[in-house]
Amino acid sequence: MATQLEPATQTDEDAFRAEVQQFLADNFPDELKGTNNALSGVDGPTNETPAQKKWREAMGARGWGTPTWPKEYGGGGLSKAQAKILEQEMGKAGAYNPIGGMGVMMFGPTLLEYGSEEQKKEHIPPITRGEIRWCQGYSEPNAGSDLANLQTFAEDKGDHYLVNGQKTWTSGGQWADKCFAIVRTDKSDKHKGISFMLIDMDSPGVEVRPITMISGTSPFCETFFTDVKVPKDNLVGEEGQGWTIGKRLLQHERTNISGGGSLARLMGQSLGEIAKKYQPTGDDGELADAVLRDKIADFEIRWNSFLLTARRAVEESKAQGGVSEISSVLKKLGTKLSQERSELLIEIRGLQGLGWEGDGFRDSELEAVRGWLFGKATTIYGGSTEIQNNIIAKRVLGMLDHQ
């Protein structure tokens with residue numbers, strides 16, 4: 001007769017907390033305290049310092065960068081309770097998760113659900129160790145909001161596909177090792193003719209052209225495929241299943257863009273703490289500008305309420321087997337709030353919040369201006385706000401017939 005597993009006891013949790021504390025004391029470099037994960041964004045190449053490399057390798061060896069992923073593929077294999085303890089202790093230590101990027105946020109969870117055993121064994125371990133960068137091949141010049149209109153074609157050549165076409169807004173394409181892409185394998189059916197496949201970015205015929213943005217960076221690219229050979233083993237799922245797999249991946253993307261994922265970790269100091277460095281304060285140490293004080297308080301209340309709601313929604317979705325259409329609600333609200341925060345930062349800093357270059361500005365001030373400009377794209381990429389409204393109306397509120 002099988003014995004039912006007992007839930008973790010307080011003693012078990014205390015022991016694990018002590019293990020995490022010792023691990024952080026032994027492996028997290030003090031010089032990295034309070035910094036962020038270079039791999040979590042797509043705004044530049046990854047040039048690791050020795051300390052960053054040491055920290056990434058330590059976390060990767062434990063699988064704690066992807067704490068709840070299966071241990072057999074390099075993940076941590078932790079329970080939700082253990083993962084929460086890990087997050088809490090890293091927060092106390094000022095430590096960041098050095099394992100990130102699109103492989104963690106989008107592709108990995110999708111491959112764990114739809115990939116073959118061979119594909120999981122090949123691609124998941126390097127992601128859990130932070131050894132590889134992935135990019136996304138979705139949008140095309142005539143397939144943005146109407147993504148299913150994509151025309152990049154993968155022709156069956158027997159033992160491989162021959163891919164021809166163009167993708168645009170390929171985030172981090174110039175630095176990526178591999179690309180997960182949706183392509184057309186059948187021209188007779190708009191949705192059922194789409195397949196999901198993996199493309200090596202160093203394959204002959206792949207050309208990447210960065211697009212310069214108003215923020216002064218070039219995280220987005222045009223990507224051209226000219227007679228690119230893709231092995232049949234790189235097809236995820238079956239031919240014609242790409243639209244289903246691709247939509248699932250977008251749910252992971254939207255959850256992370258929303259603030260339920262990466263944005264929440266990047267917010268750093270509260271606006272009130274920043275404001276006291278730039279604005280006059282009264283005898284009580286509080287901001288003297290009552291109007292600005294009210295604006296900040298109002299935002300912080302709404303932002304923290306959103307974060308708590310997002311965390312609860314994500315946990316509920318995972319308990320039911322993964323992400324869901326609620327990701328569209330989170331994406332719509334989270335990106336709008338992040339833009340609002342950037343606007344408030346400009347107001348708080350006054351003239352110091354409008355610098356583009358020069359010795360008169362701190363690095364944090366210049367980064368905030370570029371972040372403010374770059375942030376305008378968040379309500380467009382990953383599915384525009386209008387697209388999210390349609391999904392919410394259709395899939396969450398049931399206001400339209402399902403197609």
Nearest heavy-atom neighbours spanning [X] and [Y]:
{"X": "Lys33", "Y": "Ala93", "value": "CE-O, 3.4 Å"}
{"X": "Pro29", "Y": "Trp55", "value": "CD-CB, 4.0 Å"}
{"X": "Ile99", "Y": "Ile127", "value": "CG2-O, 3.2 Å"}
{"X": "Ile348", "Y": "Ala275", "value": "CG2-CA, 3.4 Å"}
{"X": "Met197", "Y": "Ala154", "value": "CE-CB, 3.9 Å"}
{"X": "Asn27", "Y": "Ala58", "value": "OD1-CB, 3.7 Å"}

Assess whether a salt bridge exists between [X] and [Y], defined as any Lys/Arg side-chain N lying under 4.0 Å from an Asp/Glu carboxylate O.
{"X": "Arg184", "Y": "Asp189", "result": "no"}
{"X": "Lys295", "Y": "Glu347", "result": "yes"}
{"X": "Asp289", "Y": "Arg293", "result": "no"}
{"X": "Glu89", "Y": "Lys92", "result": "yes"}
{"X": "Glu57", "Y": "Lys53", "result": "yes"}

Test log, rule side chain to side chain contact (heavy atoms under 4.5 Å, CB included), inputs Thr378 and Lys331
CA-CA 9 Å; Thr378 60; Lys331 201 269 184 181; 5.7 Å; no

Rounded to the nearest 0.5 Å, what separation is found between the [atom1] atom of [X] and the [atom2] atom of [Y]?
{"X": "Glu300", "Y": "Glu273", "atom1": "CD", "atom2": "CD", "answer": "8.5 Å"}
{"X": "Leu330", "Y": "Leu307", "atom1": "CG", "atom2": "CG", "answer": "10.5 Å"}
{"X": "Ser305", "Y": "Leu337", "atom1": "OG", "atom2": "CG", "answer": "10.0 Å"}
{"X": "Cys221", "Y": "Met201", "atom1": "SG", "atom2": "CE", "answer": "7.5 Å"}
{"X": "Arg341", "Y": "Ile346", "atom1": "CZ", "atom2": "CD1", "answer": "11.5 Å"}
{"X": "Leu333", "Y": "Ile392", "atom1": "CG", "atom2": "CD1", "answer": "7.0 Å"}

[X] side chain vs [Y] backbone, donor-acceptor pair below 3.5 Å:
{"X": "Gln339", "Y": "Gly375", "answer": "yes"}
{"X": "Arg370", "Y": "Trp356", "answer": "yes"}
{"X": "Tyr96", "Y": "Leu32", "answer": "no"}
{"X": "Lys167", "Y": "Ile182", "answer": "yes"}
{"X": "Glu343", "Y": "Trp372", "answer": "no"}
{"X": "Lys232", "Y": "Gly158", "answer": "yes"}
{"X": "Asp200", "Y": "Lys178", "answer": "no"}
{"X": "Gln82", "Y": "Ser79", "answer": "yes"}
{"X": "Glu365", "Y": "Arg362", "answer": "yes"}
{"X": "Glu155", "Y": "Phe153", "answer": "no"}

Can you find a side-chain donor-acceptor pair between [X] and [Y] that sits under 3.5 Å?
{"X": "Gln174", "Y": "Arg209", "result": "no"}
{"X": "Tyr73", "Y": "Glu122", "result": "no"}
{"X": "Asn389", "Y": "Lys332", "result": "yes"}
{"X": "Thr170", "Y": "Thr223", "result": "yes"}
{"X": "Asn149", "Y": "Asn142", "result": "no"}
{"X": "Gln22", "Y": "Asp26", "result": "yes"}

Any non-hydrogen side-chain atom of [X] less than 4.5 Å from a side-chain atom of [Y]?
{"X": "Leu112", "Y": "Trp69", "result": "yes"}
{"X": "Phe299", "Y": "Glu340", "result": "yes"}
{"X": "Leu198", "Y": "Trp134", "result": "yes"}
{"X": "Glu222", "Y": "Phe224", "result": "yes"}
{"X": "Cys179", "Y": "Cys135", "result": "yes"}
{"X": "Ile199", "Y": "Asn234", "result": "no"}
{"X": "Val104", "Y": "Thr128", "result": "no"}
{"X": "Val228", "Y": "Tyr161", "result": "no"}

With under 30° as parallel and over 60° as perpendicular, where do the rings of Phe180 and Phe107 fit, or are they tilted in between?
parallel

Classify the ring geometry of Phe220 against Trp169: parallel below 30°, tilted from 30° to 60°, perpendicular beyond 60°. perpendicular

Requested in this report: For side chain to side chain contact (heavy atoms under 4.5 Å, CB included), just list the numbers for Tyr114 and Gln119, CA-CA rounded to whole Å, side-chain angles, deciding distance to a tenth of an Å, and then say yes or no.
Outcome: CA-CA 10 Å; Tyr114 290 98; Gln119 289 170 336; over 6 Å; no

Worksheet item: Can you check whether Phe28 and Trp64 have ring centres sitting under 6.0 Å from each other?
Response: no

inquiry  = side chain to side chain contact (heavy atoms under 4.5 Å, CB included), that's the test. Do Glu113 and Thr110 meet it? Break it down for me.
reply    = CA-CA 5 Å; Glu113 184 174 356; Thr110 307; 5.8 Å; no

TODO: Take Val230 and Leu235 through the test side chain to side chain contact (heavy atoms under 4.5 Å, CB included) and record every step on the way to the result.
DONE: CA-CA 9 Å; Val230 177; Leu235 177 71; over 6 Å; no

